[in-house]
Amino acid sequence: MEKRQAEEMIELAIRQMDFSYVPYSHFRVGAALLSKNGKIYTGCNIENAGFSSTNCAERTAFFKAVSEGTTEFTAICIVGGKNGVLTGYAAPCGVCRQVMMEFCDPDTFEIILAKSKDEYKIYTLSELLPLGFGPADLA
Ligand code: THU
């Protein structure tokens, strides 16, 4: 991942937090998902009075992309914090890691966790979801 590409994704993810619908937790999350063809799909978290109907920012981005015919990805950037203040790294929940497992190569897909444009860490999906169960297991 080139620094310029990571910075662009961080900027887009941070901007997405403006759209987070978070009347219950006030925890804003933004995501920017890079597809193999270079297009970036963004997403925010969308909460619901029936809490379990909440959709995470990462899944919003994935489902936007897949619903438009894009199913191959190289990286995702995730930012989040209470009221949109980035005090720490916002790691993806287990459900979102599993959605990544469906569409991404766990050994190469990069997950950028950012606090700012200059403060970020990069993990592979297999680091965050060891021994993940995916499409290959059903082949
Ligand atoms: N959230 C995400 O958007 N992504 C994650 O991976 C973790 C949690 C959201 C869901 C909910 O709106 C808020 O953060 C608090 O859980």
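Just so it is clear, the values below take in all heavy atoms, side chains as well, and ignore hydrogens, waters and symmetry mates. Indexing begins at 1, ligand by ligand and atom by atom, following the structure's order. Throughout, numbering of the chain's residues begins at 1 and tracks the sequence.
Under a hydrophobic clustering in which Ile, Leu, Val, Met, Phe, Trp and Tyr are joined whenever their side-chain heavy atoms come within less than 4.5 Å, directly or via other members, Y120 and M100 fall into different clusters.
E68 has no carboxylate O lying under 4.0 Å from a charged side-chain N of K64, or vice versa, which leaves the two without a salt bridge.
The aromatic rings of F73 and Y41 sit perpendicular, their planes meeting at an angle over 60°, well past the 30° parallel limit.
A distance limit of 4.0 angstrom between heavy atoms and ligand 1 selects the residues S25, F27, V29, N45, E47, T54, C56, A57, E58, A91, P92, C93.
Of all non-hydrogen atoms in V99 and F63, the two that sit nearest each other are CG1-CE2, 4.0 Å.
Side chain to side chain, S35 and E72 fail the donor-acceptor criterion of an N or O pair below 3.5 Å.
The residue from L129, L128, I122 that alone fulfils the side chain to side chain contact (heavy atoms under 4.5 Å, CB included) condition with I111 is L128.
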